[in-house]
Amino acid sequence: MLWETIKLAVQAIFRNALRSFLTVLGIVIGVAAVIAMVIVGQGSAQQVTSDVEKLGSNVLMVMPGQDAFEGGPGTTDPPFSLADNNAVERELSFVDIAAPIAASRARVVFGNENRRTDIVGTDNRYFAAADWEIERGRVFEPSEIQSGRPVCVLGETVRDSLFGNANPIGETVRIKALSCTVIGHVKSKGASTFGSDQDDFVLMPLKTFQRRIAGNPDVTMMYLSISDRIEAARAQEGLERFLRDLRRIGPREDDDFTVMDMKQIATMLTGITDVLTGLLSAVAAVSLIVGGIGIMNIMLVSVTERTREIGIRLAIGAQARQVMTQFLIEAIVLSLIGGLIGVVLGLALAVLGSNALNVPFTPDIGIVLLAFAFSAAVGVVFGFFPARRAARMDPIEALRRE
Amino acid sequence: MADRSATPGPLIALRGISRIYGAGETEVRALDDVDLSIDDGEFVAIMGPSGSGKSTAMNVIGCLDAPTRGDYLFDGVNVARLSRDQRALLRRHYLGFIFQGYNLLPRTSALHNVELPLIYKGLGRAARRDAALRALAKVGLAERSHHDPSELSGGQQQRVAIARALAGNPRVVLADEPTGNLDSHMSVEIMEVLRDLNHREGLTIVMVTHEEDMAAYADRLIWMVDGRIERDAPTKRAA
Ligand SMILES: Nc1ncnc2c1ncn2[C@@H]1O[C@H](COP(=O)(O)OP(=O)(O)OP(=O)(O)O)[C@@H](O)[C@H]1O
Ligand SMILES: [Mg+2]
């Protein structure tokens, strides 16, 4: 009986193939959207996590200000100094390297070429802490660091946009009023997960930056490489305690600095992905509901068109519940067909999207089943009213209808 | 047919049946205090002017409709007290219908049309096919079983409808103007099929018709006027 009903439903659907297809379009789009977005979202979350693992989870960044996003030039909290940075490296046994960083954005010019980029003042410790390898040329000489010589090391993006195929070593670039000799450039790390270019910077000695670019002796960030013999949480705790002492923060006062580790950044980024995925999924859910209304509409038309058939079935002994089941199953089969097309389309879109965003394609059977179940549920919910209308028909009236 | 007439007494017994549409000023008494008994194996024709309540009577007898007043005993069971779903079960197991407009499912083969009531009876695929083919053979349409209604003549379509009514092995077949849409040649064809079923298989048939010629195939003629039975007598053939 059930099998018969399903067969009947499929027949009825294919008898009006075009109309059925247009009807399920809403479901198709909804399901495809959910699947594509969730899969691509999960892929990029996975990408972030693995990127961060590559960076090494034993990196801590310390900035003045209570919030990482408030830090930098705007904050009213006192900046760090080179001495602070060196004290951290010297006093804390679990800090292998502390690299002082002061940075701002400025235009770097060579001949006719120019580029707005991050100008970073630091010293050789930064190469070691952040794993920058020299591609050509050299790092800073101690004397250059000592006396703040106008020399710089380029990130790959800056090198490429200013020099193309030419050898930059020994050339002079201009940053604001400063003429600066290129002494080296570093190997590319490529784009980060969210497409931000990690190679877009110019490095120079900290003192050069402080005197010639910033005009102050501030260190705006300490970039710390932490020993892997200590747990991240304990390292962070020890660091915070040390900095509170150093900056003379009273026991009841809040920190006036922020310590971030890469894991936190990763969680933050995946959090953003989750929010985005959630938002887009909500849009997709709305389209499923619109799809459901389409199904309800077409089922109502179908019930009206087939009034006579319903009359015949009732006359030969179908009970109300059996007529109800028939139309309900028809609605469910209809939306499942939509769901199936949507799953296929969604997976295809997910493959394309993952490729385009350069994140791994992580098909998830759970979300596929969920989308499928959801489309069946749409069938039940929106098929119910038309099916009940069919079931409540009076056989005599129904048979009389032309 | 050993299981037929399980209970003594008439198969169909209407006792003071009224069917009233509307209320107050606009009230229509489609059936007005009707008493009627039909025995197992009878072939009854109902005639009467338009609006006299013939179809209403058929609907009540066929358990499609419930009377406003009175008792209707079908094989001893009081149908007037049954629920909608219980009446559906009675129709499924004991009643077959033939309509003026055939009422076959379009774009569905003769065979599938005939199988339809058997699906609701819960027969398996093979049994259903068997019974449907046998019913089609009885009306002389075995070789047309795979044709759609649109490929069949009016007479043939009505024969498919008869096969559908027969397929479930009912105790009564109700036919409301079965020849109403057919020319005289096809009408005779249909009436001969019905008469044969009544004679050979003892099938009880109640038929509404507007034509004397068709009524003549029955054993008994009921004449209705204004929702009442005015005359109830054997036909010439039976006499
Ligand atoms: N659903 C209904 N609502 C109101 N009145 C109805 C309804 N069905 C039938 N009637 C009325 O009941 C009366 C009997 O109708 P019925 O259909 O039984 O007549 P009939 O004898 O079959 O007529 P015909 O020969 O034209 O088919 C008529 O007056 C009709 O208008
Ligand atoms: Mg009538």
Side-chain angles (χ1 to χ4, degrees), chain A residues 1-20 298-299 301-330 333-334 387-402, chain B residues 19 21 30 55-56 58-60 62-66 82-109 112-125 128 148-149 160-161 163-168 170 173-174 176:
Chain A
M1 184 74 216
L2 185 68
W3 178 237
E4 292 296 330
T5 316
I6 294 173
K7 246 170 50 182
L8 209 83
V10 172
Q11 277 166 13
I13 288 164
F14 281 95
R15 206 171 284 154
N16 278 309
L18 180 64
R19 187 173 84 183
S20 304
I298 218 65
M299 289 308 297
V301 169
S302 178
V303 166
T304 307
E305 274 180 356
R306 287 153 68 193
T307 299
R308 200 169 252 268
E309 174 190 329
I310 295 165
I312 294 168
R313 288 176 183 277
L314 290 169
I316 63 175
Q319 288 178 320
R321 142 173 69 83
Q322 290 168 314
V323 172
M324 172 113 186
T325 312
Q326 181 190 338
F327 282 91
L328 209 50
I329 285 185
E330 205 167 306
V333 169
L334 200 59
R388 196 183 57 172
R389 174 179 280 197
R392 286 188 175 174
M393 277 185 185
D394 173 42
I396 301 167
E397 293 286 333
L399 283 169
R400 227 194 326 251
R401 200 88 64 80
E402 275 314 314
Chain B
R19 178 66 172 95
Y21 291 108
S55 293
T56 307
M58 291 293 267
N59 290 338
V60 169
C63 305
L64 286 166
D65 197 6
L82 297 182
S83 72
R84 206 180 120 107
D85 275 348
Q86 286 170 319
R87 278 189 275 124
L89 289 180
L90 265 186
R91 294 197 297 273
R92 181 187 299 179
H93 293 286
Y94 302 113
L95 298 164
F97 292 89
I98 303 169
F99 307 95
Q100 178 176 357
Y102 325 133
N103 275 334
L104 300 174
L105 294 187
R107 288 168 298 205
T108 306
S109 71
H112 276 115
N113 264 293
V114 176
E115 279 187 23
L116 198 62
L118 303 175
I119 293 179
Y120 291 107
K121 280 192 114 176
L123 267 65
R125 238 178 112 74
R128 226 161 52 208
D148 276 7
V160 173
R164 181 179 64 194
L166 292 178
V173 165
L174 299 164
D176 195 345

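Residue numbers start from 1 in every chain, and the chains themselves are labelled A, B, ... in the order their sequence lines are given, proteins ahead of strands. Only heavy atoms go into these numbers, but all of them, side chains included; no hydrogens, no water, no symmetry mates. The shown structure was predicted, so the numbers you read here are calculated from the model rather than taken from an experiment.
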Count the heavy-atom pairs under 4.5 Å between each of Gln319(A), Gln11(A), Arg321(A) and chain B, then report the option with the highest count.
->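 That would be Gln319(A).
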Under 4.5 Å from a heavy atom of chain A, the part of Arg107(B) involved =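 Its backbone and side chain both get close to chain A.
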Could you look at Leu104(B) and say if it's the side chain, the backbone, both or neither that has a heavy atom under 4.5 Å from chain A?
->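 The answer is the backbone of Leu104(B).
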Rounded to the nearest 0.5 Å, how far does CZ of Arg308(A) lie from CZ of Phe99(B)?
->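 Atom-to-atom, Phe99(B):CZ and Arg308(A):CZ are 9.0 Å apart.
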Atom pair CG/CD1 of Asn113(B) and Ile312(A) - distance to nearest 0.5 Å =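 Reported to 0.5 Å precision, the distance equals 7.5 Å.
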State, to 0.1 Å, how close Ala320(A) and Arg84(B) come at their nearest heavy-atom pair, and which atoms those are.
->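 Smallest interatomic distance, heavy atoms only, reads CB-NH2, 4.1 Å.
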Closest heavy-atom contact between Ala88(B) and Ala318(A)?
->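 Between these two residues, the closest heavy atoms are CB-O, 3.7 Å.
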Would you mind checking which part of Ala398(A) comes under 4.5 Å of any heavy atom in chain B, side chain (CB onward), backbone (N, CA, C, O), both or neither?
->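 Neither; nothing under 4.5 Å.
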Measure distances from Leu314(A) to the heavy atoms of chain B and classify the residue's part below 4.5 Å as side chain, backbone, both or neither.
->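 For Leu314(A), backbone and side chain are both near chain B.
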Stepwise side chain to side chain contact (heavy atoms under 4.5 Å, CB included) check, Arg92(B) with Ile316(A) | CA-CA 5 Å; Arg92(B) 181 187 299 179; Ile316(A) 63 175; over 6 Å; no
Could you list the residues that satisfy side chain to side chain donor-acceptor pair (under 3.5 Å) with Arg19(A), not counting sequence neighbours?
->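 Testing Arg19(A) for side chain to side chain donor-acceptor pair (under 3.5 Å), a comparison that skips the adjacent residues, returns Glu305(A).
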Please identify each residue that fulfils side chain to side chain donor-acceptor pair (under 3.5 Å) with Glu309(A), with sequence neighbours left out.
->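 Only Arg306(A), Arg313(A), Gln326(A) meet the side chain to side chain donor-acceptor pair (under 3.5 Å) criterion with Glu309(A).
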Between Asn103(B), Leu90(B), Leu64(B), which has the largest tally of heavy atom pairs under 4.5 Å with chain A?
->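 That would be Asn103(B).
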Can you establish whether the number of heavy atoms outside Tyr102(B) located under 6.0 Å from its atom OH is more than 12?
->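 Yes - once you tally the heavy atoms of other residues, nucleotides and ligands closer than 6.0 Å, there are more than 12.
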